[in-house]
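Keep in mind that what you see is a predicted model, and the values were worked out from it rather than measured.
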Amino acid sequence: MAKNQVTLVLGPANSGKSEWAEKLAKQSNHPVTYVATAIADPNDPGWQKKLQKHASRRPTSWQTQEIPTALAEFIAQGTAQDCLLIDSLGTWVANLLVETEAEWEVTLTHFLDTLQQTSSQVILVGEETGWGVIPAYKSGRVFRDRLGNLTRQIGENAAEVYLITGGYALPLKAIGYPL
């Protein structure tokens, strides 16, 4: 993974991780493409309101792409002049929960390989979900485990990793120790 190109922003729900990622993207001095992994649902007013809130913060000069599953393929098309802000890894993982473990391993490997090879600046937003109770249902445990493993593997090779909590962005690579 190209250490100087990938930034991972983690945090719990409504912590401000997307806002921090947007701030980093603005500072990149590159054209920004906002990659939304969410699938709009007109029957869910709360979800629509959240999507609209995110969209209203973005500069009009940014492009938006809705990529619910094919993230690696999209990242592979980027150039050294691009800044790709991908929001969010949790939604992407949820969109792929139908994959078997074997299929998921292929998807994961392809995604991580693509991050390693990209010349684009990539900012990834991911949710911290493993600090709560153990999910009661198998799908919840699969989601938690896949997302936790994904963010750990990205974080090991990313140039920067931030944890957003309590109104602050903590630079984990600067203050933490690798496992």
Rounded distance (nearest 0.5 Å) linking atom [atom1] of [X] with atom [atom2] of [Y]:
X    : Y    : atom1 : atom2 : result
I86  : Q65  : CD1   : CD    : 11.5 Å
D145 : T129 : CG    : OG1   : 8.5 Å
H54  : S88  : NE2   : OG    : 9.0 Å
Q121 : N29  : CD    : CG    : 9.0 Å
E103 : T100 : CD    : OG1   : 3.5 Å
I67  : E73  : CD1   : CD    : 9.5 Å

**OP:** Please assess R141 against I134 for the test side chain to side chain contact (heavy atoms under 4.5 Å, CB included), listing each intermediate value before the final yes or no.
**Re:** CA-CA 7 Å; R141 292 188 296 273; I134 297 172; 4.0 Å; yes

Measure across [X] and [Y] and return the closest heavy-atom pair with its distance rounded to 0.1 Å.
X    : Y    : value
L115 : T118 : O-CG2, 3.3 Å
A25  : S28  : O-OG, 2.7 Å
D41  : Q48  : N-OE1, 2.9 Å
A38  : L51  : CB-CD2, 3.8 Å
L8   : T151 : CD2-O, 3.4 Å
N157 : K173 : N-NZ, 4.3 Å

Do [X] and [Y] land in one hydrophobic cluster if side-chain heavy atoms of ILVMFWY residues count as linked below 4.5 Å?
X    : Y    : answer
L170 : W131 : yes
I123 : I75  : no
L124 : W92  : yes
L71  : Y34  : no
L96  : F111 : yes

Looking only at atom types and distance, does a side-chain atom of [X] sit under 3.5 Å from a main-chain N or O of [Y], one as donor and one as acceptor?
X    : Y    : result
Q77  : F74  : no
T109 : V106 : no
H30  : D82  : no

Decide yes or no for [X] and [Y]: does some side-chain heavy atom of the first lie under 4.5 Å from some side-chain heavy atom of the second?
X    : Y    : answer
I39  : E66  : no
T165 : S15  : no
E99  : T107 : yes
V142 : W104 : no

Quick one: do [X] and [Y] make a salt bridge, cutoff under 4.0 Å?
X    : Y    : answer
E22  : R57  : yes
K23  : E19  : no
E105 : R146 : no

Original post:
Would R152 and L179 count as a side chain to side chain contact (heavy atoms under 4.5 Å, CB included) if you check the C-alpha gap in whole Å, the side-chain angles of each, and the deciding distance to 0.1 Å?
Top reply: CA-CA 10 Å; R152 181 176 178 167; L179 295 177; 3.6 Å; yes

Original post:
Do other residues, nucleotides or ligands put more than 12 heavy atoms under 6.0 Å from the CD1 atom of I175?
Top reply: yes

**OP:** Please determine which of L172, T7, V125 meets the side-chain contact (heavy atoms from CB on, under 4.5 Å) test together with Y162.
**Re:** T7

Original post:
Do L10 and E127 pass the side chain to side chain contact (heavy atoms under 4.5 Å, CB included) test, and can you show the C-alpha distance, the side-chain angles, and the key distance before you say yes or no?
Top reply: CA-CA 6 Å; L10 299 169; E127 298 79 358; over 6 Å; no

Subject >> Stepwise side chain to side chain contact (heavy atoms under 4.5 Å, CB included) check, E128 with K17 >> reply: CA-CA 10 Å; E128 277 295 343; K17 57 191 174 298; over 6 Å; no

Original post:
Do Q5 and S119 get their side chains close enough for a donor-acceptor pair, meaning under 3.5 Å?
Top reply: no

Original post:
Is the closest side-chain donor-acceptor distance between T69 and N95 under 3.5 Å?
Top reply: no

